K.L.:
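Take a look at this one; I'll ask things after.
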Amino acid sequence: MPELPEIETIKRGILPLKNSIVRKIFRSSLKLRIDATKKLDKIIGSQIISIERRARYLIIDFNNYHSLIIHLGMSGRITIDSNFKNLKHDHFACQFDNQQWLIYNDPRRFGFIDLVESHDLNSHKMLKNLGPEPLSLDFNHQYLQKKLANKNCNIKTTMMDNQIVVGVGNIYINESLFLAKILPTKMAKNLSKKEIINLVESIKKTIATAIEMGGSSISDYQNANGELGFFQNQHQVYGRQNQDCHKCGCIIERIVQNQRSTFFCKTCQK
DNA sequence: CTGAGCACCTGAGGGC
DNA sequence: TGCCCTCAGGTGCTCA
């Protein structure tokens, strides 16, 4: 699924729905990770007052003091269309007063749609323990240095922990560690101050560049208008096992950490 | 409290 | 063509 840059791209794509009023709701009978089916009717007749992103969650606020939380899991997709065809894996759809449909499609169903009263949003179990946004000032080397001290875990897995920093998924941590020249297997507590400064900057740069390019389109990711992102063309290590490192020409290796693929260049990264 | 591993699902692609 | 295996943008839960 989409990482932060992909969600940000989708958010920008559905921003024009602001001020729209919900007319109809569709919900498939299949289970998502959270079952909010019974609550969803509450937004019928309500108007969207804001559309935001927090970590990998899309938050849509309505004027009746309810907020819709959308998470795309690994395979979720959101599209805007003037027709709703109820295709395979369409699990939620919502028609607005301008006749447009917002359609949520998720083959693996690792995602969810939930509805809460807006004042309870921050205490939602998926949102309450989130760390800082990678592009915020709160994510800086002083902060990270504190978090990594005594951390007995490899740096790659550590940085994918949403309590440390949100939205840095498997593509972008692999790319960020390459950019920062740090081995993914290095113990988090053993990073030097210089490496931590470097890593913070590399994550910010990687995420910001990916947002500019509309995210990474691998397999079937596309934005709300069905367009593809282009950041995958910039990948230095992700998905490039056995290919030449663009910097030094050595072979990119693939290992598994915490059941996720890790790609790195053992010459460039120390 | 921490870290490791599992669970939740479907679909694509490769080897035989 | 089909079967069996591995792999995939995530994240909460359980167990030692």
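In this text the structure is predicted, and so the values were computed from the model without any measurement. Throughout, protein chains are lettered first and strands after them, A, B, ... in sequence-line order, and every chain is numbered starting at 1.
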K.L.:
Would you mind reading off the distance between A/Asp106 atom CG and C/dT11 atom C1', rounded to a whole angstrom?
P.N.:
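Atom CG in A/Asp106 sits about 13 Å away from atom C1' in C/dT11.
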
K.L.:
Say you pick atom P in C/dT6 and the same atom in B/dC6; how far apart are they, in whole Å?
P.N.:
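Each nucleotide's P atom is 14 Å from the other's.
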
K.L.:
Strictly below 4.0 Å, N to O, side chains only: are A/Arg54 and A/Glu133 in salt-bridge contact?
P.N.:
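The answer is yes: the pair qualifies as a salt bridge.
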
K.L.:
Taking C/dC7 as the reference, what is the distance to B/dG5 when you measure between their P atoms (whole Å, please)?
P.N.:
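16 Å, rounded to whole Å.
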
K.L.:
Assess, by modelled atom type and distance only, whether the side chains of A/Lys88 and A/Asn105 contain a donor and an acceptor separated by less than 3.5 Å.
P.N.:
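The answer is no; no qualifying pair exists.
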
K.L.:
Just N and O in the side chain of A/Arg108: are any of them under 4.0 Å from OP1 or OP2 of B/dC8?
P.N.:
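For A/Arg108, the contact criterion (side-chain N or O under 4.0 Å from OP1 or OP2 of B/dC8) is not met.
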
K.L.:
Please determine if a side-chain N or O atom of A/Asn162 lies less than 4.0 Å away from the OP1 or OP2 oxygen of C/dT11.
P.N.:
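Affirmative; the distance criterion is met.
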
K.L.:
Rounding to an integer number of Å, can you tell me how far A/Asp35 CG sits from B/dC8 C1'?
P.N.:
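The distance from CG of A/Asp35 to C1' of B/dC8 comes to 15 Å, rounded to the nearest Å.
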
K.L.:
Please verify the inter-ring angle class for A/His71 with A/Phe112; under 30° counts as parallel, over 60° as perpendicular, anything in between as tilted.
P.N.:
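Rings of A/His71 and A/Phe112: parallel, as their planes differ by under 30°.
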
K.L.:
Are any of A/Ser75's side-chain N or O atoms less than 4.0 Å away from OP1 or OP2 of B/dG11?
P.N.:
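No, A/Ser75 has no side-chain N/O under 4.0 Å of OP1/OP2 on B/dG11.
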
K.L.:
Quick one: label A/Lys125 by what it contacts on the DNA or RNA (base, sugar-phosphate, nothing), any heavy atom closer than 4.0 Å.
P.N.:
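If one applies the 4.0 Å heavy-atom cut-off, A/Lys125 turns out to touch the sugar-phosphate alone, with no base involved.
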
K.L.:
For a quick check of understanding: with a heavy-atom distance under 4.0 Å over all strands, which category does A/Tyr57 fall into, base, sugar-phosphate or nothing?
P.N.:
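Sugar-phosphate, no base atom in range.
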
K.L.:
Give the cluster check for A/Tyr143 versus A/Ile197: same hydrophobic cluster or not, with ILVMFWY residues linked at side-chain heavy-atom distances below 4.5 Å.
P.N.:
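Unlinked, A/Tyr143 and A/Ile197 end up in two clusters.
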
K.L.:
Round to the nearest Å and state the distance from A/Ile113 atom CD1 to C/dG10 atom P.
P.N.:
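Whole-Å distance recorded here is 18 Å.
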
K.L.:
How close or far is atom P of B/dT10 from atom CG of A/Leu87, stated in whole angstroms?
P.N.:
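Rounded to whole Å, this separation is 17 Å.
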
K.L.:
Where each residue is assigned the nucleotide of DNA chain B containing its nearest heavy atom, which of A/Met187 and A/His89 is assigned the position nearer the 5′ end?
P.N.:
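Its nucleotide being nearer the 5' end, the pick is A/Met187.
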
K.L.:
Measure CG/A/Asn154 against P/B/dG5 and give the value in whole Å, please.
P.N.:
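Computing the A/Asn154:CG to B/dG5:P distance gives 11 Å.
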
K.L.:
Under a 3.5 Å limit for both distances, which nucleotide forms a Watson-Crick or G-U wobble pair with C/dT14, could you say?
P.N.:
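B/dA4 - that is the nucleotide pairing with C/dT14, both distances being under 3.5 Å.
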
K.L.:
Please give the distance between the P atoms of C/dT14 and B/dC9 as a whole number of Å.
P.N.:
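The same atom, P, in both gives a distance of 16 Å.
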
K.L.:
Which part of the nucleic acid does A/Thr157 contact within heavy-atom distance under 4.0 Å: base, sugar-phosphate only, or nothing?
P.N.:
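No contact at all - A/Thr157 keeps every heavy atom at 4.0 Å or more from the nucleic acid.
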
K.L.:
Could you see if A/Ile80 belongs to whatever hydrophobic cluster contains A/Leu15? Use Ile, Leu, Val, Met, Phe, Trp, Tyr and a side-chain cutoff under 4.5 Å.
P.N.:
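Shared cluster, yes.
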
K.L.:
Nearest whole Å is fine: how far is B/dC9 P from A/Gln259 CD?
P.N.:
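Nearest whole value for this atom pair: 18 Å.
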
K.L.:
Could you work out which one of B/dG11, C/dT11, B/dC9 sits closest to the side chain of A/Arg33?
P.N.:
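Per side-chain heavy atoms of A/Arg33, the pick is C/dT11.
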
K.L.:
Hey, does the side chain of A/Lys88 come within less than 4.0 Å of B/dT10's phosphate (OP1/OP2), counting only N and O?
P.N.:
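Answer is no, no contact under 4.0 Å.
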
K.L.:
In this structure, how many angstroms lie between the P atom of C/dC7 and the CE atom of A/Met74, rounded?
P.N.:
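It is 13 Å, rounded to the nearest whole Å.
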
K.L.:
Does A/Arg109 get its side chain close enough to the base of B/dC9, under 3.5 Å, for a donor-acceptor pair?
P.N.:
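No such pair is found, so the answer is no.
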
K.L.:
Could a donor-acceptor pair under 3.5 angstrom be found where the side chain of A/Arg260 meets the base of C/dA8?
P.N.:
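Absent.
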
K.L.:
Please report, rounded to the nearest Å, how far the P atom of C/dG10 is from the CZ atom of A/Arg77.
P.N.:
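Taking atom P of C/dG10 as the reference, CZ of A/Arg77 is at 16 Å.
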
K.L.:
Under the 5.5 Å and 30° test, is A/Phe110 stacked on the base of B/dC8?
P.N.:
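Stacking is present between B/dC8 and A/Phe110, given that their ring centres fall under 5.5 Å apart and the planes under 30°.
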
K.L.:
Between A/Lys11 and A/Glu8, does at least one N-O distance fall below 4.0 Å, as a salt bridge requires?
P.N.:
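Yes, charged N to carboxylate O under 4.0 Å.
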
